[in-house]
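Working notes, structure below.
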Amino acid sequence: MTDEYYDLIVVGGGVNGAGIARDAAMRGLSVALFEKGDFCSGTSAWSSRLIHGGLRYLEYFEIPLVYESLNERRTLQRIAGHLVRPIRIAIPVYAGARRGKALIRLGLVAYDLLSFRKSLPNHDMPGRDAALDAEPGLNPEGLKALARYYDAQVTYAERLVLENVLDAERHGARVFNHSPVVGLLKDGSTVDGVLYRTPGSETPLEARGRAVVNAGGPWVDAVLAAAGPQPKELIGGTKGSHIVVGRFDGCPTDAIYVEARSDGRPFFIIPWNGLVLIGTTDLRYDGDLDTARAGDEEVDYLLAECNRVFPRAGLDRSSVHYAYAGVRPLPKRDEGPESAITRKHIIVENTTTAERLYSIIGGKLTTYRNLAEQVVDRVRQDLRLPAAACRTAVEALPGGHDTASIKGQLEEAGLLSAQGVKRVLEIYGSRAGELLEGIESGELPQGTLGDGRRVLEAEVVFAFAAEHAGSLIDVVHRRLMLGFDADQGRRHYPAILRLAAEHGAWDEQRRQDELAALTRYADSFLVAG
Ligand SMILES: Cc1cc2nc3c(=O)[nH]c(=O)nc-3n(C[C@H](O)[C@H](O)[C@H](O)COP(=O)(O)OP(=O)(O)OC[C@H]3O[C@@H](n4cnc5c(N)ncnc54)[C@H](O)[C@@H]3O)c2cc1C
């Protein structure tokens, strides 16, 4: 038994759950957030990492969704400018493509109009010669023009989610990482709380609450199943895969958005994290959600289509540093093409299971903040709480404040190379100041990892002490973001293990287990040669 009692319990620490917890805590609700793995270890980590209006959705006349997304793009640039940055996207228009020049122009004019209050430039459409000057690596055969427009990119979605979690906590929320919800509690017909487990313990604990939001992403139905058999499934997930390769001969400077020849689906080739992210696919998926990975056919499809657009690239499976896949938590639709399933979010109150139990279906990284606002409005109304203004669109995330003086301090400290300073500011934003303070006070170690002076040793300890990391996997893949380097951060394993073990006083067995788990995890993203 427990005396934990909350206004709102949020199940799932992906972008939506973290955003809901932040908004609710900022509006004065007592909140608990439970994540079964690490924060942002689900779908939110496996996307194309674009904060975009979704040009493609115009084809399905999802005008309100595009408008909402474009608005949110601007908001996220404002509250998290260190994480969300503009990116130019270029669409090469080829003779015989399904989408011709006129249709693409129409779409981009609509995109410009729908983002009329935007902070980014309008589109342009250079002709063939100028297109080849701008992107000389493009396949010239049948090229008619290049349509260019702006969107935004969140290089590290993991950090966006984490900052929402940390800000929720700063506003009083209790956050439980590596703590799965294993049951739902009811009082008559109303949800009354959850049963959850904490790391290292098999005994479930109770947390009572007046409302529960199920933000389990593709696991939404699994969370509901904990309350007993359900009348129907809410989620019909589709799997999307990406491959990550090094910069290749003829590599684009802009992100490229182009139709695949084999099936006419548009896909992205995106400069990202010093590498190139290529994706995605879209396939109905009913396999194990915890182990979804890119299939060989998806990898070959993405390689072949990229080679077609950039003939000098010469990519094959040996070019792939790693590949990842995520399952979109889309509403269940058994019929029709995957790409036609709406990307709009839906908030469902599961009254057949329990009142005050809300499940989130669909949604995008881009629109998480607005979704959270709607969910919290609804919960407050249902709980008959007095209205309270949402402030998530105006208050910056913890690292989203001005970094000019911190940049100066980092340079003055002389610990990092220029590249290292840039990296630290892109990951921590203004929170880099906390790292510096910790180093200066002697609470955090002073050295750097390896010889590139790119990564602070302090970051490893900080990840455990201030950022809820629970394992080496969390540190490498979702705090320091080294897991997305070409070598998946492997060159730093010994130093990170040493620092983590010293900080946590790990015994020899724990050291071995942590390193083995990290290696297994990184290996699972490798592609068979
Ligand atoms: C291939 C692909 C490309 C995409 N590209 C983009 C893009 O470019 N831009 C964009 O805006 N959107 C994109 N999306 C969509 C976007 O990534 C997702 O819609 C969004 O991340 C969903 O977030 P979520 O929080 O609902 O789900 P998740 O991130 O999956 O979070 C759910 C969390 O719940 C946890 N959980 C599950 N069960 C339990 C339990 N019992 N107890 C506690 N915790 C539990 C999980 O571990 C998980 O962390 C893409 C999606 C995919 C798959």
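A salt bridge does not link Arg510 to Asp513: none of the charged nitrogens lies less than 4.0 Å from a carboxylate oxygen. A salt bridge links Asp523 and Arg490; the closest N-O separation between the charged side-chain nitrogens and carboxylate oxygens is under 4.0 Å. A salt bridge links Asp485 with Arg454: the distance from a Lys NZ or Arg NE/NH1/NH2 to an Asp or Glu carboxylate oxygen falls below 4.0 Å. Salt-bridge formation is not detected for the pair Glu163/Arg170: no Lys NZ or Arg NE/NH1/NH2 atom is positioned less than 4.0 Å from an Asp or Glu carboxylate oxygen.
For Glu426, the side-chain contact (heavy atoms from CB on, under 4.5 Å) partners at least two apart in sequence or on another chain are Arg85, Lys422. Remark: Arg74 pairs with Asn71, Arg78, Arg117, Ser119 by the side-chain contact (heavy atoms from CB on, under 4.5 Å) rule, at least two apart or across chains. Under the salt bridge (charged side-chain N to carboxylate O under 4.0 Å, His left out) criterion, Glu457 pairs with Arg498, sequence neighbours left out. With sequence neighbours excluded, no residue forms a ring-ring contact (aromatic ring centres under 6.0 Å, His included) with Phe462. Listed by chain and number, the residues in a salt bridge (charged side-chain N to carboxylate O under 4.0 Å, His left out) with Arg369 are Glu72, Glu373 (sequence neighbours excluded). For Asp382, the side-chain contact (heavy atoms from CB on, under 4.5 Å) criterion is met by Glu349, Arg356, Tyr358, Arg378, not counting sequence neighbours. Glu440 meets the side-chain contact (heavy atoms from CB on, under 4.5 Å) test with Leu436; sequence neighbours excluded. For His82, the ring-ring contact (aromatic ring centres under 6.0 Å, His included) test picks out no residue, with sequence neighbours left out. For Phe176, the ring-ring contact (aromatic ring centres under 6.0 Å, His included) criterion is met by Phe34, Tyr196, not counting sequence neighbours. Applying the side-chain hydrogen bond (donor to acceptor under 3.5 Å, both in side chains) rule to Tyr285 yields no partners; only residues at least two apart in sequence or on another chain are considered.
Exactly one residue among Thr280, Asp282, Thr281 makes a side chain to side chain donor-acceptor pair (under 3.5 Å) with Thr238. That residue is Asp282.
Heavy-atom contacts from other residues, nucleotides or ligands closer than 6.0 Å to CG of Asp286 number 12 or fewer. Heavy-atom contacts from other residues, nucleotides or ligands closer than 6.0 Å to CD of Gln512 number more than 12.
Rounded to the nearest 0.5 angstrom, Leu185 CG and Ile9 CD1 are separated by 8.0 Å. Between Asp167 atom CG and Glu395 atom CD the span is 7.5 Å, to the nearest 0.5 Å. Here Leu166 contributes atom CG and Glu467 contributes atom CD; the two are 6.0 Å apart, rounded to the nearest 0.5 Å. Taking OH from Tyr368 and CG from Leu76, the interatomic distance works out to 5.5 Å, rounded to the nearest 0.5 Å.
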message = Run Thr366 and His52 through side-chain hydrogen bond (donor to acceptor under 3.5 Å, both in side chains) and show every step you take.
response = CA-CA 6 Å; Thr366 310; His52 62 158; 4.6 Å; no
task = Apply side-chain hydrogen bond (donor to acceptor under 3.5 Å, both in side chains) to the pair His468 and Glu169, showing each step before the final yes or no.
result = CA-CA 11 Å; His468 295 286; Glu169 195 174 30; 2.8 Å; yes
task = Mind running side-chain hydrogen bond (donor to acceptor under 3.5 Å, both in side chains) on Ser41 and Arg478 for me, showing each step along the way?
result = CA-CA 8 Å; Ser41 55; Arg478 289 178 289 270; 5.1 Å; no
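The shortest non-hydrogen separation linking Ile79 to Ala393 is CG2-O, 3.4 Å. When every heavy atom of Ala226 is checked against every heavy atom of Gly183, the shortest pair comes out as CB-CA, 3.8 Å. Across Gly14 and Glu35, no two heavy atoms sit closer than the pair N-OE1, 4.1 Å. Residues Pro329 and Pro218 come closest through the heavy atom pair CB-N, 3.5 Å. For the residue pair Ser44 and Val15, the shortest heavy atom distance occurs at OG-N, 3.0 Å. In terms of heavy atoms, Ile427 sits closest to Arg479 at CG2-O, 3.8 Å.
Between Tyr322 and Trp272, the ring planes lie perpendicular to each other; the angle is over 60°, past the 30° to 60° tilted range.
Judged purely by atom type and a 3.5 angstrom limit, Glu459 uses its side chain to pair as donor or acceptor with the backbone of Leu456.
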Could you go through residues 400-407 and list every donor-acceptor pair under 3.5 Å that involves a side-chain atom there, pairing it with any protein atom two or more places apart or in another chain?
from, atom 1, to, atom 2, distance (Å)
Lys407, NZ, Glu411, OE2, 3.1

Using atom types as modelled, flag every donor-acceptor pair under 3.5 Å from a side chain in residues 227-235 to any protein atom, sequence neighbours excluded.
from, atom 1, to, atom 2, distance (Å)
Gln230, OE1, Thr353, OG1, 2.7
Gln230, NE2, Leu224, O, 3.2
Gln230, NE2, Gly228, O, 2.9

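Looking at Arg22 and Thr392, their side chains never bring a donor and an acceptor atom within 3.5 Å of each other. When only modelled atom types and interatomic distance are considered, Ser471 and Asp474 share a side-chain donor-acceptor pair under 3.5 Å.
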